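Not measured: the values here are computed from a predicted model. Labels below follow one simple rule: chain letters A, B, ... track the order of the sequence lines, proteins then strands, and each chain is numbered from 1.
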Protein chains: 2
Amino acid sequence: MLLRNPLNTEDCRAVSEILQRVGDKWTVLVVGKLGQGPLRFNELRAAVGGISQKMLTTTLRGLERDGFVTRTVFPTIPPRVDYELTELGHELLIPVSALGEWARVNTTRVRAAREKFDATHA
Amino acid sequence: MLLRNPLNTEDCRAVSEILQRVGDKWTVLVVGKLGQGPLRFNELRAAVGGISQKMLTTTLRGLERDGFVTRTVFPTIPPRVDYELTELGHELLIPVSALGEWARVNTTRVRAAREKFDATHA
DNA sequence: CGGGATCCTACGGGATACTG
DNA sequence: CAGTATCCCGTAGGATCCCG
């Protein structure tokens with residue numbers, strides 16, 4: 001990974017934009033689950049856990065719109081809908097996983113800082 | 001970068017958490033600007049551009065609490081306060097920049113998918 | 001089964017005015 | 001200069017009900 005000299009303003013805007021896109025409550029959870037293979041609506045809902053069906057629908061529509069996920073309808077009775085990551089979705093998962101690794105490694109440092117701050121600013 | 005096999009649920013939660021932390025409207029903009037060296041409150045505000053002083057304060061407090069930023073007060077008149085990235089803050093900037101690079105490279109693909117989706121679902 | 005339509009609440013975030 | 005305090009609004013997101 002080649003890092004260009006400090007992020008300029010336009011880049012920061014782009015980062016901020018994609019982070020807000022991906023930084024909502026459910027998106028990465030959904031993408032993470034789909035990273036392991038296609039899932040049906042309710043399978044996905046169970047896999048994620050705790051998500052309302054409204055938010056799952058909203059999240060999936062957004063991901064579909066941005067080209068991260070495909071939606072395949074089987075016109076059977078009862079209906080069956082599969083969701084699957086696109087190539088773009090899989091590629092997104094790479095830097096996101098990297099950030100995830102960072103999060104996993106540094107959670108304790110952040111938590112320590114937080115407790116220290118809360119203690120002194122009580 | 002060593003990628004572990006697909007993110008498990010706890011990892012996804014961690015990612016989601018840090019993404020929500022960093023995925024608000026201003027955090028990465030602020031961190032990005034501070035990445036190039038310490039800045040005073042109003043310098044930072046001008047550098048970021050468009051941020052209200054309430055949100056700058058809120059954002060900085062959060063970053064300070066999590067150990068990403070230090071706050072140094074010079075008890076002069078008028079007062080002077082410097083904000084500077086900590087080591088942890090600089091380390092955070094690495095995976096965030098990677099995601100930024102991804103965003104920069106793939107914006108067109110996302111925009112294309114979005115326009116296509118909007119066209120067909122009109 | 002996989003949603004759409006509504007209603008409701010919490011909170012992010014802007015504008016403005018005041019202060020040490 | 002670097003904030004704090006208020007007020008206000010839009011939206012994210014949960015709960016519930018209904019439908020093909």
(message) Which is more 5' along DNA chain C, the nucleotide nearest A:Leu60 or the one nearest A:Lys54? Just name the residue.
(response)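 Result: A:Leu60.
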(request) Could you tell me whether A:Glu64 atom CD has more than 12 heavy atoms of other residues or ligands within 6.0 Å of it? (result)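 Atom CD in A:Glu64 is crowded, with more than 12 foreign heavy atoms closer than 6.0 Å.
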Picking from [options], which would you name as closest to the side chain of [X]?
X	options	result
A:Thr57	D:dC1, C:dG3, D:dG13	C:dG3
A:Phe41	C:dG3, D:dG14, C:dG13	C:dG3
B:Trp26	C:dG3, C:dC1, C:dG14	C:dG14
A:Pro79	D:dG13, C:dG13, C:dC1	C:dC1

[X] [atom1] - [N] [atom2] separation (whole Å):
X	N	atom1	atom2	answer
B:Met55	C:dA15	CE	C1'	13 Å
A:Asn42	C:dG3	CG	P	9 Å
B:Ile51	C:dG14	CD1	P	7 Å

Would you compute the distance between atom [atom1] of [X] and atom [atom2] of [Y] and round it to the nearest 0.5 angstrom?
X	Y	atom1	atom2	result
B:Asp24	A:Gln20	CG	CD	7.0 Å
A:Asn106	B:Leu88	CG	CG	5.5 Å
A:Glu43	A:Leu34	CD	CG	10.5 Å
A:Glu17	A:Arg13	CD	CZ	10.0 Å

Does OP1 or OP2 of [N] have a side-chain N or O of [X] closer than 4.0 Å?
X	N	value
A:Arg45	C:dG3	no
A:Tyr83	C:dC1	no
B:Arg61	D:dT4	yes
B:Arg80	D:dA2	no

(request) Give one of base, sugar-phosphate or nothing for B:Lys25, where a contact means two heavy atoms less than 4.0 Å apart. (result)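 Result for B:Lys25 = sugar-phosphate.
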(message) Quick check: any donor-acceptor pair below 3.5 Å linking the side-chain of B:Gln53 to the base of C:dG14?
(response)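 By the distance-only test, no, there is no pair.
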